[in-house]
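Counting starts at 1 for both ligands and their atoms, following the listed order. When a residue number appears, it is its place in the shown sequence, counting from 1. It should be emphasised that the depicted structure is a prediction, and the values quoted were computed from it without experimental measurement.
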Amino acid sequence: MITATTRTQVAVIGAGPAGLTTANLLRQRGVDCVVLEAQSREFIEQRPRAGFLEEWAVRELERRGLAGRLLQQAGQHGAFEFRFAARRHTVRYAELTGHHHFVYPQQELVTDLVAAYADGSAGDIRFGVRDVRLHDLTGDSPSVTYTDPHTGQSHRVECAYIAGCDGARGVSRRHIPAHESVFASHDYGIGWLALLVEAPPSADGVVFGIHPRGFAAHMARTPQITRFYLQCPPGDDPANWSHERVWQELHTRLAVPGAPITEGRIVERQVLDMHNYVVEPMSYGRLHLAGDSAHLVAPIGAKGMNLALHDAFLLSAALTAQLRHGDGARLAGYSADCLRRVWQYQEFSQWFADVLHGATHADPFHARMAEARLQRLLSSPAAATAFCELYIGKL
Ligand code: APR
């Protein structure tokens, strides 16, 4: 039985980068919203995820007054390194494109966005909600129901639109009937062991190690924390990766003479099965998906958080045009506008994944193709520029 009803213009499901950015921008533009988040505030402010923001996304956050702490604290990267055959090859993408990455852990951005929304502008955000369900998506008055974790009571949020920003494992996407959308997906058949390590970075930027034993990567996060990845079988058990085995593989796959890898305590180990998907269209009736709920890109080129922000910028502008000015054109084009960048990033990630994993490909033809791509990237400034524009998201 429903015991409390709230009326708002937009119900935002999920308080990740997509949901929180959407909510902040709606509120700034005078559109009323309620955010529903399954986890606690403390949990989302500490959950380690992505960490690389592309410059166009940072500039847009800055324009909206949401990048204050980010601009003070984030490191900037403009180059990365390939390491293979015991040699280093630096790609200076900022020189080729004029754009940088900002290195800022996702949980820090989430912390800033929650503070701006909940504390800075007294936005309505409800944490720990259970049993979220969406109703009447194709009618004029959709709603969202949930259970309050403290009282066990059922609540209904009545709204004009729903922003489904609840990530890869959320419920929003599942409310779109199968025959109303296409779920396009690709499985690489590869796992990455993702490690967070208490150690300072061993290089200024990102290092991609291409090695016959498997791909490995180093990504600077903060002066104290570094992320590493090791290619492994999909579904591998992280318990198979002892401290000794991890460091032996990282040294073998990444270290080159004069550039050692600094060891540290491993604070997180998980195996990611590399796969991508896109839900198309991203809209169904009054529901509009944003971020990982609509598309997943394996963390090959650090694209997920940037795409989540891109969707949020477009969705907040489209909902504002509709709700404040009665102009529905942007909302009608929302899915197509998002998907142009989504598919460019998917294509880039697939291309790059083939290069990074090429050395272990069972088919020697594929392995040599990957090598040829890498050689071209490293020998032709035109090829390097085309690659770097996609790498930094300058479309
Ligand atoms: N009801 C309410 N909230 C939910 C539900 C639900 N049923 N299911 C999930 N959530 C919440 C999650 O707890 C999370 O806080 O939705 C939020 C989704 O946030 P993200 O997973 O961060 O997704 P998104 O905002 O699209 O950002 C994409 O996140 O996973 C990373 O690397 C990815 O950088 C990318 C970014």
If we number the atoms of ligand 1 from 1 as shown, the ones under 4.0 Å from a heavy atom of Gln39 are 13 (O)
Taking only non-hydrogen atoms of Leu36 and a 4.0 Å limit, the atoms of ligand 1 in range are 2 (C), 3 (N)
the protein heavy atom lying closest to atom 19 (O) of ligand 1 turns out to be Gly16 CA, 3.4 Å
Evaluate Pro17 for polar contact with ligand 1, using N/O atom pairs at a separation under 3.5 Å.
yes
State, with a plain yes or no, whether a side-chain heavy atom of Phe183 is found less than 4.5 Å away from one of Glu280.
no
Looking at atom 26 (O) of ligand 1, what's its closest protein heavy atom, distance included?
Asp292 N, 2.8 Å
For Arg47, the side chain to side chain contact (heavy atoms under 4.5 Å, CB included) test, sequence neighbours excluded, returns Gln39, Phe43, Ile44, Arg49
With sequence neighbours excluded, residues passing ring-ring contact (aromatic ring centres under 6.0 Å, His included) with Tyr93:
His101, Tyr391
Which of the numbered atoms in ligand 1 are below 4.0 angstrom from a heavy atom of Gln106?
22 (O), 29 (O), 31 (C), 34 (O), 35 (C), 36 (C)
Checking heavy atoms under 4.0 Å, the part of Arg49 that sits near ligand 1 is side chain
Please state which protein non-hydrogen atom is closest to atom 9 (C) of ligand 1 and give its distance, to 0.1 Å?
Asp166 O, 3.2 Å
Residue-level breakdown please: for Val110 versus ligand 1, do any non-hydrogen atoms fall below 4.0 Å on the side chain, on the backbone, on both, or on neither?
neither
Side chain, backbone, both or neither: which part of Val132 comes within less than 4.0 Å of ligand 1 when only heavy atoms are counted?
side chain
Number the atoms of ligand 1 from 1 as they appear, then name those within less than 4.0 Å of a heavy atom of Gly304, with their elements.
34 (O), 35 (C)
Should Ser293 be counted as touching ligand 1, given the test is an N or O pair under 3.5 Å?
no
State yes or no: are the ring centers of Trp247 and Phe228 separated by less than 6.0 Å?
yes
Close side-chain approach of Leu53 and Leu309, heavy atoms under 4.5 Å:
yes
By number and element, which atoms of ligand 1 are closer than 4.0 Å to a non-hydrogen atom of Ala18?
25 (O), 26 (O)
For atom 11 (C) of ligand 1, what's the nearest protein heavy-atom neighbour? Residue, atom name and distance, please.
Glu37 OE1, 3.2 Å
Residue and atom name of the nearest protein heavy atom (relative to atom 3 (N) of ligand 1), distance in Å to one decimal:
Ala38 N, 3.2 Å
Polar proximity ligand 1 side, Ala50 side, N/O cut 3.5 Å exclusive
no
Six-ring centre of Trp56, Arg341 cation under 6.0 angstrom, axis tolerance 45°:
yes
Any side-chain donor paired with an acceptor under 3.5 Å for Trp192 and His357?
yes
Residue pair Asn276 / Gln346, side-chain donor-acceptor N/O under 3.5 Å
yes
What distance do Leu272 atom CG and Met274 atom CE have between them, rounded to the nearest 0.5 Å?
5.0 Å
Any N/O of Arg169 closer than 3.5 Å to an N/O of ligand 1?
no
Does Glu81 pair with Arg88 as a salt bridge, N-O distance under 4.0 Å?
yes
Enumerated ligand 1 atoms positioned under 4.0 Å from heavy atoms of Gly170:
8 (N)
With rounding to the nearest 0.5 angstrom, report the OG to CG distance, Ser121 to Asn24.
6.0 Å
Going by the atom numbers of ligand 1, which of them fall below 4.0 Å from some non-hydrogen atom of Gly167?
18 (C), 21 (O), 23 (O)
Look at atom 14 (C) of ligand 1 and say which protein heavy atom is nearest, naming residue and atom and giving the distance to 0.1 Å.
Arg47 NH2, 3.3 Å
For Cys165, the ligand 1 atoms with a heavy-atom partner under 4.0 Å come out as 16 (O), 17 (C), 18 (C)
Out of Arg156, His135, Arg7, which one pairs with Ser143 under the side chain to side chain donor-acceptor pair (under 3.5 Å) rule?
Arg156
Ring center gap for Phe352 and Phe387 short of 6.0 angstrom:
yes
